[in-house]
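Atoms within a ligand are numbered from 1 in the order they appear, just like the ligands themselves.
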Amino acid sequence: MEIFRFYTRSPLRNFTYILHNPELGKTLSLDPYDSAPIRKFLEEKGWNLDFILNTHEHADHTSGNEGLVNLYSPIVYAHPGAIGKIPHATHPVKKGDRILASQNSHLEILDTPGHTFCHVCLLLVEAGKRKAIFTGDTLFNAGVGNCYRGGDAEILAKTVLEQFYPMEDEILLYPGHDYWETNLRFTLSLDPNNPSALEEIRRLETFAPDEDFPTNDLALEKKINVFLRCQDPSSDLKQAVLQKTGQSWDPRLPKNFFVSLRTLRDKW
Ligand SMILES: [Zn+2]
């Protein structure tokens, strides 16, 4: 699968992706924000647009649908609960469905409620191996999505703990927004000596989001993302969160730690 990332320069720092399966000769746009740069890119490549998938119903993930449907009439996929909410979405997808699928490569749908209740992620599988995850507003570099526009932090905690914690370290993360630097600063506000987070802050200064933006694997994310450390947080991290929230947690309930982190991030 060929992956192309577009930084949209939107106020919310959205990313749109184009995924092209050369075995099929077909192309999908994930979370199109603006149709114009996608049209330009497709014309340069000489490609049609066969599919759109919107990870969820928020307008910053769907605003390019109208222009692209008028130009290319693609099939538009979304969570069943988002059909009727997303412009032109007609084809519901459910957990385990495969799209843009050829013999060696496909995208598998994950049902990932929390940011909203109609949110899906896409897992790229090639030659039987899980290679990359497109996470919309579920998981970001060094953070997770907020839950105050139609979501629920406890449900997001369950999704991340059950579906993302078991994922292999080698899987690459492609999120829906560039909140990397802000999220790293949040990590450092709780874990100021985190060597990986300090190194990433320095590394980020050398990249612009629309240039050669680096792509992290989950091994790195498990170090710099406090929301991926809820199962066994270090005593320093626990102490920092306890100090800021006044709450302590039952270590058997990592979900509660996650929700405390989300509440802190909302106010941060
Ligand atoms: Zn959203």
Side-chain angles (χ1 to χ4, degrees), residues 5-19 28-35 37-38 51-68 76-89 91-95 107 109-123 132-161 163-164 173-183 186 209-210 213 216 221 225 227-228 258-259 261-268:
R5 185 202 303 256
F6 295 77
Y7 180 60
T8 61
R9 299 176 187 279
S10 69
L12 293 170
R13 307 177 70 84
N14 290 75
F15 288 122
T16 287
Y17 296 92
I18 295 279
L19 301 169
L28 175 142
S29 174
L30 178 66
D31 285 351
Y33 175 77
D34 178 3
S35 59
I38 296 172
F51 310 103
I52 290 173
L53 185 137
N54 304 108
T55 55
H56 64 290
E57 69 273 32
H58 288 156
D60 57 314
H61 295 258
T62 66
S63 50
N65 283 20
E66 177 79 23
L68 292 173
V76 182
Y77 296 116
H79 188 283
I83 305 289
K85 294 182 186 166
I86 294 179
H88 303 285
H91 285 59
V93 284
K94 61 179 192 312
K95 178 179 179 281
L107 296 161
I109 303 293
L110 308 182
D111 192 346
T112 51
H115 173 66
T116 74
F117 286 88
C118 313
H119 195 298
V120 295
C121 294
L122 281 179
L123 186 60
I133 180 86
F134 297 86
T135 54
D137 286 1
T138 298
L139 188 66
F140 297 133
N141 294 116
V144 294
N146 65 50
C147 301
Y148 46 72
R149 286 202 298 154
D152 182 289
E154 289 212 10
I155 302 291
L156 183 65
K158 185 173 153 60
T159 290
V160 173
L161 281 157
Q163 298 192 59
F164 289 88
L173 174 64
Y174 291 94
H177 294 263
D178 167 34
Y179 296 148
W180 196 348
E181 184 180 346
T182 314
N183 285 339
F186 177 67
D210 55 349
F213 200 64
N216 288 353
E221 287 298 324
N225 189 340
F227 293 92
L228 295 179
F258 185 105
V259 172
L261 286 172
R262 187 58 260 176
T263 307
L264 272 181
R265 180 67 177 81
D266 288 346
K267 297 181 195 150
W268 187 69

Minimum-distance N/O/S atom that His115 presents toward the Zn ion (ligand 1): NE2
May I ask you to decide if the ring planes of Tyr17 and Phe15 are parallel, tilted or perpendicular, using 30° and 60° as cut-offs? tilted
Under 30°, 30 to 60°, or over 60°: which ring-plane class applies to His91 and Tyr77, parallel, tilted or perpendicular? perpendicular
Under 2.8 Å from the Zn ion (ligand 1), is there an N/O/S atom belonging to His61? no
Of the N, O or S atoms in His58, the one nearest the Zn ion (ligand 1): ND1
With ring pair (Phe, Tyr, Trp, His ring centres under 6.0 Å) as the test, pick out the partner of His115 among His56, His61, His79. His56
Suppose we only count N/O/S atoms under 2.8 Å; would Asp137 qualify as near the Zn ion (ligand 1)? yes
Output yes when Arg13 and Asp178 qualify as a salt bridge under the 4.0 Å nitrogen-oxygen rule, no when they do not. yes
